[in-house]
Enquirer: 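First the structure, which I've put down as structure tokens, then a few questions once you've had a look.
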Amino acid sequence: MSAQELRPVAITGTGSYLPEKVLTNADLQRMVDTSDEWIVERTGIKERRIAADDEATSDLAIAAGREALTNAAVKAEDLDLIIVATVTPDMAFRATACFVQKTLVAQKATYFDVSAACSGFLYGMELARQFIATGSAEKALVIGADKLSAIIDCTDRNSCVLFGDGAGAAVLQPAGEGTGEILSAYSGSNGNLDEILNVPGGGSRQPLTAENIGDKSNTMKMAGREVYRHAVTTMMSAAKEAIARAGLTPDDIACFIPHQANLRIIETIAGKLHVPMERFFVNLESYGNTSAAAVAIALDEAQRTGRIKSGDHILMVVFGGGLTWASSVVRW
Ligand code: ACO
């Protein structure tokens, strides 16, 4: 199909879900050798949400997905496609999207999961956009959902203070009268840097045994400083690329919605792009880094709180383990 035949695609509804339980910096102070002052100064995070023991990633995903469907006025039974981006699936197999399809009763929908860590939501959004642009689907539900508390070593102060649980979702449909449009998308990956952020155990390379569970090889390992350095450079270049592909400049972007990992990363990017922080949407102080959910939750909150209005250009830019990165400009 030639580029001329591709249909423009819009986000027609968003939703999000955060678990009830709040874990504050003061709570963490009682668990590991850290302080509220250190966490706030180095990351900007004040508290995060933690899923209940009986709440799986799909439960978070379903709640966010339901809200997005309601806001888009789309019935689950009319969905053609469900994509769940997650690195904390309910089970090694089947796909977390399977639980979403079953519970929402979206029997017509093809479903699958995407594994791209914190970049997963934008990877999923681009896949859904292409399904719709080529006419393979009419209505898609894309969800970023992670229960990182399930794979965090809560005795490791280097990582346990950074992360939280949550889910965000968007419904995508062909653009039409009164809708916005996804104007550009860009993504990249670097498999050579897989060692600086990963969960080594629990897969086929290192199936869990009594010994390696003791070594906590089923929890996240992160070289924080290295990740920080790559996050700044790749998010910067990804932001510029999506803006250029949309034929715009940073001045044209009303709201920047970056991955919510660390306030210092966001402030550095804002400074390098010469964009005031007021144009960046930040909610990491309340939720920490929720991985694939972070940018989707931020998009939903920015929309609900009036930070983005019809006709605004918004930029989403993400970065995550793999390493992976992605960006997209949307006219709202
Ligand atoms: N409380 C108190 N001290 C701590 C803590 C803590 N929670 N964590 C580390 N420290 C100590 C370190 O041990 C170190 O002590 P030392 O100097 O005696 O060795 C000191 O603080 C400084 O450590 P650094 O790692 O240099 O601190 P930095 O300023 O780099 O901040 C941080 C660490 C917050 C992890 C930062 O590097 C960062 O945000 N990196 C990016 C992490 C990230 O975004 N990961 C996820 C991205 S992808 C995804 O989302 C899955």
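Excluded from the calculations below are hydrogen atoms, water molecules and symmetry mates; all remaining heavy atoms, backbone and side chain alike, are included. When a ligand or atom number is given, it counts from 1 through the structure's own listing order.
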Enquirer: Where is the nearest protein heavy atom to atom 42 (C) of ligand 1: which residue, which atom, and how far?
Expert: Met222 SD, 3.8 Å
Enquirer: Which residue and atom name correspond to the protein heavy atom nearest atom 30 (O) of ligand 1, and how close is it?
Expert: Arg225 CG, 3.6 Å
Enquirer: Test Ser291 against every option in Asp146, Thr86, Thr88 by the side-chain hydrogen bond (donor to acceptor under 3.5 Å, both in side chains) rule and name the one that passes.
Expert: Asp146
Enquirer: Could you check whether Glu181 pairs with Arg331 (Lys NZ or Arg NE/NH1/NH2 to Asp/Glu carboxylate O, under 4.0 Å)?
Expert: yes
Enquirer: Looking at atom 8 (N) of ligand 1, what's its closest protein heavy atom, distance included?
Expert: Trp38 CH2, 3.3 Å
Enquirer: So which bit of Val32 gets within less than 4.0 Å of ligand 1, heavy atoms only: side chain, backbone, both or neither?
Expert: neither
Enquirer: Of the options Thr268, Val227, Asn262, which is the one that meets Val232 in a side-chain contact (heavy atoms from CB on, under 4.5 Å)?
Expert: Thr268
Enquirer: Does even one non-hydrogen atom of Arg264 get within less than 4.0 Å of ligand 1?
Expert: yes
Enquirer: Quick check on side-chain contact (heavy atoms from CB on, under 4.5 Å): which of Ile269, Ile266, Leu273 does Phe256 satisfy it with?
Expert: Leu273
Enquirer: Using non-hydrogen atoms of the residue, decide whether Ile39 is closer than 4.0 angstrom to ligand 1.
Expert: no
Enquirer: For ligand 1, which atoms, with element, lie under 4.0 Å from some heavy atom of Asn158?
Expert: 8 (N), 9 (C)
Enquirer: Tell me which protein heavy atom sits closest to atom 44 (O) of ligand 1, plus the residue, atom name and distance to 0.1 Å.
Expert: Ala261 CB, 3.4 Å
Enquirer: How far apart are the closest heavy atoms of Pro19 and Leu60, and which atoms are they?
Expert: CG-CD2, 4.1 Å
Enquirer: Answer with yes or no whether the side chains of Thr155 and Asp153 bring together a donor and an acceptor at under 3.5 Å.
Expert: yes
Enquirer: Tell me whether atom 37 (O) of ligand 1 lies less than 4.0 Å from at least one protein heavy-atom position.
Expert: yes
Enquirer: Hey, are Thr57 and Thr96 close enough side-chain-wise for a donor-acceptor pair under 3.5 Å?
Expert: no
Enquirer: For Glu126 and Ser187, test the side chains for any donor-to-acceptor distance below 3.5 angstrom and give the result as yes or no.
Expert: no
Enquirer: List every atom of ligand 1 that sits less than 4.0 Å from any heavy atom of Asn262, numbering the atoms from 1 in the order shown and giving each element.
Expert: 34 (C), 38 (C), 39 (O)
Enquirer: Considering non-hydrogen atoms only, spot the tightest contact between Leu127 and Val114 and give its length.
Expert: CD1-CG2, 3.7 Å
Enquirer: Within a 6.0 Å radius of atom CD on Glu37, are there more than 12 heavy atoms belonging to other residues, nucleotides or ligands?
Expert: no
Enquirer: Among protein heavy atoms, which lies nearest atom 29 (O) of ligand 1, and at what distance?
Expert: Arg42 NH1, 2.7 Å
Enquirer: Got a salt bridge between Asp165 and Arg49, using NZ or NE/NH1/NH2 to carboxylate O under 4.0 Å?
Expert: no
Enquirer: Suppose I only count heavy atoms of Val161 and a 4.0 Å limit; which atoms of ligand 1 are within that range?
Expert: 7 (N)
Enquirer: Among all protein non-hydrogen atoms, which one is nearest to atom 49 (C) of ligand 1, and what is the separation to 0.1 Å?
Expert: Cys118 SG, 2.4 Å
Enquirer: Within a distance of under 4.0 Å, is there any protein heavy atom near atom 17 (O) of ligand 1?
Expert: no
Enquirer: Counting from 1, what ligand 1 atoms have a heavy atom of Thr43 closer than 4.0 Å?
Expert: 34 (C)
Enquirer: At a non-hydrogen distance cut-off of under 4.0 Å, which region of Thr34 contacts ligand 1 (side chain, backbone, both, or neither)?
Expert: both
Enquirer: Checking contacts now, so for atom 32 (C) of ligand 1, which I'm interested in, is there any protein heavy atom under 4.0 Å?
Expert: no
Enquirer: Heavy atom of Ala117 under 4.0 Å from ligand 1?
Expert: no
Enquirer: Do Asp78 and Glu138 have side-chain heavy atoms sitting under 4.5 Å apart?
Expert: no
Enquirer: Which protein heavy atom lies closest to atom 48 (S) of ligand 1, and at what distance to 0.1 Å?
Expert: Leu197 CD2, 3.3 Å
Enquirer: Look at Glu267 together with Arg264 and state whether they make a salt bridge at an N to O cut-off of under 4.0 Å.
Expert: no
Enquirer: Run the numbers for me: atoms of ligand 1, each under 4.0 Å from some heavy atom of Gly320, listed by number.
Expert: 48 (S)
Enquirer: So which protein heavy atom does atom 15 (O) of ligand 1 come closest to, and at what separation?
Expert: Arg157 NH2, 4.2 Å
